[in-house]
Amino acid sequence: MTTSSRPGTGSQPWLHQKGEVIQDFGTVKQFPVGLSHEARMYSCQRLNKVLADTQILHGLYKKHHWLMRGATFYQLHLVLDKHAGEQLEIVDTVAERVQSLGGVAVGDPRHVAEITSIPRPPDGVEEVPAMLSRLLEAHESILVDAHDAAARAAELGDDGTNDLLVSQVIRTGELHAWFLAEHLVDTPLVRA
């Protein structure tokens, strides 16, 4: 029979653990991914900005999904939830890309709030067109940033980051913006 001098052995969890930070935010560790330190640093910085903004966009989608009103409630309630889910997939993919480049992905909501450029919405309920416009403005901000970051990542030889930004962030964002914008079109009544 062996005994252990370490606390928490057996079924007792090791509670109240504290640890040292082993990698600071804004740094990259060396990974054998065939990219320079400069390219990985740049990509991680830009991806963390997109990541923070996308996390805020996801939150806006969920807020507006819950607060939707009016004649198109059901359709918009569903589409906003669908878009929120797709944005959440992007959040995970972008965070994993940062990690795979040796960086540290921004994850704490308080840190996200420090990094994002997406304006904070009012705490209350806005009119439906204002909610949709707010989502469109957030998409456009992310798209402008993603286009710029993708081009620079390509110049630095970071094809993976370029591909992620173009194929997922930009294409999904453009599709979502199209869906939202079409809900703001004032269509005339058709008379028989």
Side-chain angles (χ1 to χ4, degrees), residues 43-98 105-154 158 160-192:
S43 290
C44 286
Q45 289 169 350
R46 295 302 297 268
L47 287 168
N48 267 320
K49 174 67 169 65
V50 170
L51 178 57
D53 288 345
T54 304
Q55 289 179 68
I56 296 297
L57 177 60
H58 170 261
L60 285 175
Y61 265 115
K62 291 305 288 188
K63 175 183 173 142
H64 298 332
H65 158 79
W66 297 321
L67 303 179
M68 196 44 54
R69 306 276 198 273
T72 60
F73 164 81
Y74 185 69
Q75 296 89 339
L76 283 171
H77 183 75
L78 293 179
V79 77
L80 296 183
D81 200 38
K82 178 181 183 292
H83 286 191
E86 292 168 355
Q87 289 300 317
L88 193 55
E89 289 177 18
I90 291 172
V91 165
D92 195 50
T93 303
V94 172
E96 288 174 353
R97 180 67 187 167
V98 171
V106 61
D108 184 284
R110 295 161 296 191
H111 193 186
V112 167
E114 293 171 1
I115 294 173
T116 189
S117 61
I118 307 298
R120 182 178 174 163
D123 291 336
V125 180
E126 296 178 283
E127 295 175 344
V128 172
M131 286 191 273
L132 297 179
S133 291
R134 184 174 298 285
L135 290 167
L136 280 169
E137 290 165 8
H139 272 296
E140 185 172 30
S141 177
I142 292 168
L143 287 166
V144 166
D145 194 37
H147 279 288
D148 182 64
R152 180 72 175 123
D158 187 352
T161 296
N162 171 275
D163 178 61
L164 167 63
L165 290 168
V166 172
S167 67
Q168 294 188 41
V169 175
I170 293 171
R171 288 192 181 139
T172 302
E174 289 173 346
L175 188 64
H176 288 182
W178 171 49
F179 271 74
L180 295 172
E182 290 300 335
H183 277 90
L184 292 173
V185 172
D186 188 17
T187 57
L189 294 174
V190 177
R191 302 204 172 162

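- Counting only heavy atoms from C-beta outward, the side chains of Met131 and Pro121 never approach each other to under 4.5 Å.
- Looking at every heavy atom in both residues, Val98 comes nearest to Cys44 through O-SG, 3.7 Å.
- Under the ring-ring contact (aromatic ring centres under 6.0 Å, His included) test applied with His176, the options His58, His139, His183 reduce to a single match, His139.
- When all heavy atoms of Pro129 and Leu184 are compared, the closest pair comes out as CA-CD2, 3.7 Å.
- Across all non-hydrogen atoms, the minimal contact from Val169 to Ala146 is CG1-CB, 3.8 Å.
- Ion pairing between a basic and an acidic side chain is recognised when a charged N comes within 4.0 Å of a carboxylate O; Glu86 and Lys82 show such pairing.
- For the atom pair CD1 of Ile118 and CG of Leu135, the computed distance is 10.0 Å after rounding to the nearest 0.5 Å.
- Atom CD of Gln45 is separated from atom CD1 of Ile115 by 10.5 Å, given to the nearest 0.5 angstrom.
- Side-chain contact check for Val50 versus Asp53: every heavy-atom pair is 4.5 Å or farther apart.
- Applying the 6.0 Å contact sphere to CD of Glu174 captures more than 12 heavy atoms from other residues, nucleotides or ligands.
- Proximity of Arg97 to Asp158: side-chain heavy atoms (C-beta onward) are separated by under 4.5 Å at one or more points.
- Looking at Leu57 and Val91, their side chains never come closer than 4.5 Å, going by heavy atoms from C-beta outward.
- Applying the salt bridge (charged side-chain N to carboxylate O under 4.0 Å, His left out) rule to Asp163 yields no partners; only residues at least two apart in sequence or on another chain are considered.
- For the atom pair Leu165 CG and Arg171 CZ, the distance stands at 12.0 Å (nearest 0.5 Å).
- Qualifying salt bridge (charged side-chain N to carboxylate O under 4.0 Å, His left out) partners for Asp148, counting only residues two or more places apart in sequence or in other chains: Arg46.
- The distance from the CG atom of Leu80 to the CG atom of Leu60 is 10.5 Å, given to the nearest 0.5 Å.
- Once rounded to the nearest 0.5 Å, the distance linking CE of Met68 with NZ of Lys63 reads 11.5 Å.
- Looking at heavy atoms from C-beta onward, Glu89 lies out of side-chain contact with Asp92 at the 4.5 angstrom threshold.
- Under the side-chain contact (heavy atoms from CB on, under 4.5 Å) test applied with Thr116, the options Leu51, Thr54, Ile56 reduce to a single match, Ile56.
- Not counting sequence neighbours, the partners of Glu126 by the salt bridge (charged side-chain N to carboxylate O under 4.0 Å, His left out) test are Arg134.
- A heavy-atom distance below 4.5 Å is not found between the side chains of Leu132 and His64.
- The nearest pair of heavy atoms linking Asn162 to Ala150 is ND2-O, 2.9 Å.
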Chi angles and distances behind the side chain to side chain contact (heavy atoms under 4.5 Å, CB included) call for Val79, Leu76: CA-CA 5 Å; Val79 77; Leu76 283 171; 3.9 Å; yes

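- The CG atom of Leu47 sits 12.0 Å away from atom NZ of Lys49, with the distance rounded to the nearest 0.5 Å.
- Checked by atom type and distance alone, the side chain of Thr172 pairs as donor or acceptor with a backbone atom of Gln168 at under 3.5 Å.
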Derivation of the side chain to side chain contact (heavy atoms under 4.5 Å, CB included) call for Leu180 and Tyr61: CA-CA 11 Å; Leu180 295 172; Tyr61 265 115; 3.3 Å; yes

